[in-house]
Amino acid sequence: MADTQREIERKYVTDRGPLPDLTGVAGVAAVRDEGVEHLDATYYDTADQRLAAARLTLRRRTGGRDAGWHLKLPVAPGVREEIHAPLSDEPPPALTALVRSRARELPLAPVVRLRTERDLRHLVDAEGALLAEASVDTVHAERLTGDGGTARWTEIEVELAPGGDPAFLDTVEERLREAGVRPADSPSKLARALADTGAEVPRAPAAGPPGTAGDHVLAYVREQVDALVDLDPGVRRDAEDAVHRMRVATRRLRSVFRSYGKVLDRRATEPLRAELKWLAGELGVDRDREVLTERLTGAFDGLPARLRTGPVRGRLHAWSDGRHAGARERLLDALDSDRYLALLASLDALAADPPLRPAAARKPEKVLAKAVRKDTRKVADRIGHALGLSPGPELDVALHEARKKAKRARYAAEAAVPALGERASRVAGNTKRLTKLLGEHQDAVMAREALLDIADAAQAAGESSFTWGLLYGREERGASAVEAQLPRRWAKIGPGTAL
């Protein structure tokens, strides 16, 4: 079983020996000597060091108080999620799964060994509570690949105590700087070990300012591909909002491939759109249930107690649990599949060698603006069609289709913002507001379908279906309210979708 903690730390270069006196730091009542630890860590990576390139570290460490396997995922500069697993001979599957989107089909093998002598101090407050750990680390690095190589250095590391205020590290740093200590250039011991032993870590080429229409579209595509890969560990760990954000990245890619068919050849992008649709479907299996459950729970909780007849809370949980069963396993199976890895490889290949069409070489202003205008005209056509329909299933479908077109126009406009500036930003904002309005309608439609299923199950079990009928009526009125607002809201939003 793996456990996770947030690691917030800073590293400093020192050649002055012992740790500077930190007793004068605001809030520090005492600096406790915790003795010397001897740590022995072996870092694992692919042969071409894909984890290091993404600033991920996977290590097996003995010695100290947290011996075992550690996987560190970057969150922000100086902040990482550290996931622990018990000591074993081989990298544990619970951790290797979290780097699969990076490692892909390549095996993980030892690349660097670090032996560290850590002279540790605890900075505590007046009540004896831990504020931070500060240590002087004497490191011996040995590269285990290629021609090998060794390096030695000494550094100071200051790690914030769990739940501590990051501002405290600023206070400690002021004192260290006064003592002549400077921040380290390398973000981690592994990064320095690789650099100092001559290892070549692959880096993404620095992108220059976008110039052509193709440059702008590809920048957006690469941003979304990076999002897919970056979010993979969070989805596997069921981190908050990770599934939703990854699903949005798939939608953005599908949309931009369709919207900018004059820039990227659709003969190459259409197969990818199909696979991205598959992935979005797998991500949505449980996400839609989760959203509906939250919506219905909120509606149920808002009812007076006398209107809740029968075991309604239990019935709602039974409905939700029945749809949740197996959904998580299905999603993880999809992420572990050859099909998913093949999709990531295909997206990488497209980004590296894009199937550009002649319009890609042109100036972005005209090419991107034309694509956005085309998408917004489709939105207007769909809304115009919907406004001519009477309430009912046909209108529900028409508004859902209008919503999908509005999302596509929004993402096309987002991709165009760096080139078109405020004009595209305005379109993106207005289409976002339109999709939110139409989303309220679609949520009400889906909620009514769920409520019918729940009411049928309740009746079959001999329970009252009164509460479910009451909620159905409220959802029906909510959808009708959106339909009544739409002409007025579209009159306001519609002109703002023109580029």
Side-chain angles (χ1 to χ4, degrees), residues 2-41 43 55 57 59 61-85 87 114-141 152-193:
D3 63 273
T4 304
Q5 67 182 37
R6 178 65 60 93
E7 176 189 80
I8 303 177
E9 66 179 17
R10 298 184 187 179
K11 297 181 183 295
Y12 302 88
V13 177
T14 180
D15 53 8
R16 295 175 178 266
L19 184 73
D21 182 15
L22 298 176
T23 53
V25 172
V28 176
V31 178
R32 294 179 179 171
D33 188 342
E34 296 295 318
V36 176
E37 296 180 339
H38 295 276
L39 312 175
D40 193 339
Y43 289 78
R55 298 183 65 182
T57 59
R59 74 185 179 200
R61 190 167 79 178
T62 58
R65 290 159 294 175
D66 62 347
W69 286 91
H70 307 146
L71 172 64
K72 298 188 180 185
L73 306 173
V75 175
V79 183
R80 295 187 288 184
E81 291 286 347
E82 185 173 298
I83 305 168
H84 295 186
L87 203 60
L114 296 182
R115 284 170 287 177
T116 302
E117 182 180 277
R118 170 165 290 175
D119 189 1
L120 182 63
R121 301 288 187 274
H122 279 181
L123 311 184
V124 299
D125 63 15
E127 284 73 41
L130 181 65
L131 299 172
E133 292 186 345
S135 64
V136 177
D137 292 350
T138 303
V139 185
H140 174 211
R152 289 179 181 270
W153 71 89
T154 300
E155 67 181 32
I156 291 175
E157 182 175 294
V158 183
E159 181 175 346
L160 190 68
D165 182 358
F168 176 69
L169 295 183
D170 294 334
T171 306
V172 174
E173 183 165 310
E174 288 179 12
R175 176 69 187 91
L176 292 174
R177 285 179 178 271
E178 289 172 358
V181 175
R182 67 183 188 278
D185 294 329
S186 296
S188 68
K189 287 183 173 66
L190 175 62
R192 177 161 183 178

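Every heavy atom of this structure was used, including side-chain atoms; hydrogens, water molecules and symmetry mates were not.
The two residues Asp125 and Glu127 make their nearest non-hydrogen contact at OD1-N, 3.0 Å. When all heavy atoms are compared, the tightest approach of Glu173 to Pro183 is OE2-CG, 4.2 Å. Counting all heavy atoms, side chain and backbone alike, Pro166 lies closest to Arg10 at O-NH2, 4.2 Å. Of all heavy-atom pairs spanning Trp69 and Leu87, the tightest one is CD1-CA, 4.1 Å. The heavy-atom pair separating Val124 from Leu130 by the smallest distance is CG1-CA, 4.2 Å. The minimum heavy-atom distance linking Arg59 with Ala41 is given by the pair CD-CB, 4.2 Å.
Note that the CG atom of Asp137 and the CD atom of Glu117 stand 9.5 Å from one another [nearest 0.5 Å]. Within the model, atoms NE2 of His38 and OG1 of Thr138 stand 10.0 Å from one another, a figure rounded to the nearest 0.5 Å. Once rounded to the nearest 0.5 Å, the distance linking CD of Glu155 with CZ of Arg192 reads 7.0 Å. In this structure, the separation between CG on Leu22 and CG on Leu131 is 11.5 Å, given to the nearest 0.5 Å. In this structure, Asp66 CG and Arg61 CZ are separated by 4.5 Å, a value rounded to the nearest 0.5 Å. Going from atom CG of Leu123 over to atom CZ of Arg32 covers 11.0 Å, rounded to the nearest 0.5 Å.
Glu9 places a side-chain heavy atom less than 4.5 Å from the side chain of Arg80. Contact annotation: the side chain of Leu176 approaches that of Pro20 to within less than 4.5 Å [non-hydrogen atoms, C-beta and beyond]. Side-chain contact between Pro187 and Arg55 is present, with heavy atoms from C-beta onward closer than 4.5 Å. Put simply, the side chain of Thr57 does not reach to within 4.5 Å of the side chain of Glu82, judged on heavy atoms.
Partners of Asp119 by side chain to side chain donor-acceptor pair (under 3.5 Å), not counting sequence neighbours, listed by chain and number: Arg121. Listed by chain and number, the residues in a ring-ring contact (aromatic ring centres under 6.0 Å, His included) with Trp153 amount to none (sequence neighbours excluded).
A salt bridge is defined here as a Lys NZ or Arg NE, NH1 or NH2 lying under 4.0 Å from an Asp or Glu carboxylate O, and Arg115 with Asp40 fails to meet this definition.
Remark: Arg65 CZ is packed, more than 12 non-hydrogen atoms of other residues, nucleotides or ligands lying under 6.0 Å away.
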Side chain to side chain contact (heavy atoms under 4.5 Å, CB included) evaluation trace for Lys189 with Glu157:
CA-CA 10 Å; Lys189 287 183 173 66; Glu157 182 175 294; 2.9 Å; yes

Hey, mind stepping through Arg6 and Glu81 against salt bridge (Lys or Arg N to Asp or Glu O under 4.0 Å) and telling me if it holds?
CA-CA 5 Å; Arg6 178 65 60 93; Glu81 291 286 347; 2.5 Å; yes

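When each of Leu19, Val25, Thr23 is checked for a side chain to side chain contact (heavy atoms under 4.5 Å, CB included) with Asp21, only Thr23 meets the rule.
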